[in-house]
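What you see is a predicted model, and the numbers here were worked out from it, not measured in a lab. Atom set for the values below is all heavy atoms of this structure, side chains included, hydrogens, waters and symmetry mates excluded.
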Amino acid sequence: MTHVETPNNIKKAQATASSEPLHNSSEDDLSDNSKIIGPGQILSDARKKAGLTQQEVASKLNFRLTLVNEIESELFNSNLPETYNRGYLRSYAKLVNVSQDDVLVSYEQLNIAKAQVSKLQSFSKGTEKLAESNRIMWISYIILAILIGSTMMWWLQNNKEQAQTLAEDIEINTQSADDVNENKTSDLSTVNIDNVTKTITEAPLATAVLEPQSSDIAPAAVNVENSQVSEADIIAVENTPIAEEALTEVPLTEVIFTFSGDCWVNISDSTGERIAWGVKKLGYVMTISGQAPFDVTLGRPELVAINFADEVIDMSQFNSGNIAKFTLPVTN
C-alpha cells in the first residue's frame, strides 16, 4: 500500500513551518506550499500500485475518462459545489484502498495553497496598477504645467504687443497734433507781421494828408518845402480802402475728419502748406483749419467721414478701396 502523509503528519508540518523565522519571503512560502502532496498524486500512486489504468477506474466508478485525468492532475472544476468534488475523491479513494480522510485533508491543503497564491498575485497586480496610476498622474501634472506655462507666455507676449501698438498710436497722434499747431502758429505769425508792417508804413501818410483838411489854412498856403507829403503819399491815401482790405485777416475754415478704420491721408491748404499726413488709426477724430480750398488725398475714403464748415461731405461718390484725390469744398 502506498505511503501517504496522515493528518497528524500534515499538522506537524504546518507547526514546523509556523515556527520558522518570519523573514522568509512570499516566494519561499509558495515554494513550500507547492511541495504539498495533492489528492491527485495520492490517488494516482495508489491506482498504479493497484495495477489499474485510468480507463478501468473510469469504468468501475462510472466516471468520464477526462474526469479521472482531471482528478489526478488536480484540476477541479470551481463551478461545481465542493460536495461533488469531495464525492469524486471519496469514491476514487475507496476504489484504490486509500484513506478517504487523508485524501480530503490533502484536498483542503491544496485549496489553501491556491488561495494564498491567488492572493499574492492579486496583491502584485494591485501594486503594479498603483505604480502605473502614479506614473500617469505625474505625466498629467507635467502636461498641465506645460500648458499653463505656454498660456502665460502667450498672454504676456500679447499684452506687450498691444502696449507697443498703443504707444505707437499715441506717438503718431501727438506728432499730428504738434504739426497742426505749428502750422497754425506759423500762419498767424506771418499774417500778424504783415499787418503790423503795413500799419507802420501807411499810418504817417494818412495823418499827413488829413491834417490840412482839418485846418483853416487854405491848401495854397501850405509850405510845400516843409511838408513831407508827396504825390506817392497822396496816391497811397487815395487807395486807403484797398490797404484796409489788405489788413483784413483771411478767414480760416475748419474741417473735421472722423476715421472708422486705419487710413493714410495727405492734406494741404490753398497756400500749399501741408497740414496733415500719415496713417490715422481707427476711432481717431482729426480737426484741421486753414485757408480753403484744401487738396485732400485719402487711401481709403470709405473709412472717413468729413464735416467741412458744418456741412457733411457725401463720401459715397468715391470708389471703395481706391485712393481718392479731391478738393474741399467739393466742386461738381
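- The OG atom of Ser106 sits 6.5 Å away from the CD atom of Glu74 when rounded to the nearest 0.5 Å.
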Donor-acceptor pairs under 3.5 angstrom involving side-chain atoms of residues 130-159: please list them, not counting sequence neighbours.
residue	atom	partner	partner atom	Å
Ser133	OG	Lys129	O	2.9
Asn134	ND2	Leu130	O	3.3
Ser140	OG	Ile136	O	2.8
Ser150	OG	Ile146	O	2.9
Thr151	OG1	Leu147	O	2.8

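- Applying the salt bridge (Lys or Arg N to Asp or Glu O under 4.0 Å) criterion to Asp262, with sequence neighbours excluded, gives Lys281.
- Under the ring pair (Phe, Tyr, Trp, His ring centres under 6.0 Å) criterion, Phe63 pairs with Tyr88, not counting sequence neighbours.
- The salt bridge (Lys or Arg N to Asp or Glu O under 4.0 Å) contacts involving residues 53-71 comprise nothing, where partners must be two or more places apart or lie in separate chains.
- Rounded to the nearest 0.5 angstrom, Ile42 CD1 and Ile71 CD1 are separated by 13.0 Å.
- For Gln54, the side-chain hydrogen bond (donor to acceptor under 3.5 Å, both in side chains) partners two or more places apart in sequence, or in a different chain, are Glu72.
- Evaluation of the ring pair (Phe, Tyr, Trp, His ring centres under 6.0 Å) rule for Phe318 yields Phe326 as partners, not counting sequence neighbours.
- By the ring pair (Phe, Tyr, Trp, His ring centres under 6.0 Å) test, Phe259 pairs with no residue at all, sequence neighbours left out.
- Among residue pairs with one or both ends in residues 290-313, those qualifying as salt bridge (Lys or Arg N to Asp or Glu O under 4.0 Å) are Arg300-Glu302; sequence neighbours excluded.
- Every residue was checked against the side-chain hydrogen bond (donor to acceptor under 3.5 Å, both in side chains) condition with Glu168, not counting sequence neighbours, and none meets it.
- Looking at residues two or more places apart in sequence or on another chain, you find no side-chain hydrogen bond (donor to acceptor under 3.5 Å, both in side chains) involving Ser260.
- Not counting sequence neighbours, Asn62 has no partner by the side-chain hydrogen bond (donor to acceptor under 3.5 Å, both in side chains) test.
- Judged as a salt bridge (Lys or Arg N to Asp or Glu O under 4.0 Å), and not counting sequence neighbours, Lys94 has no contacts.
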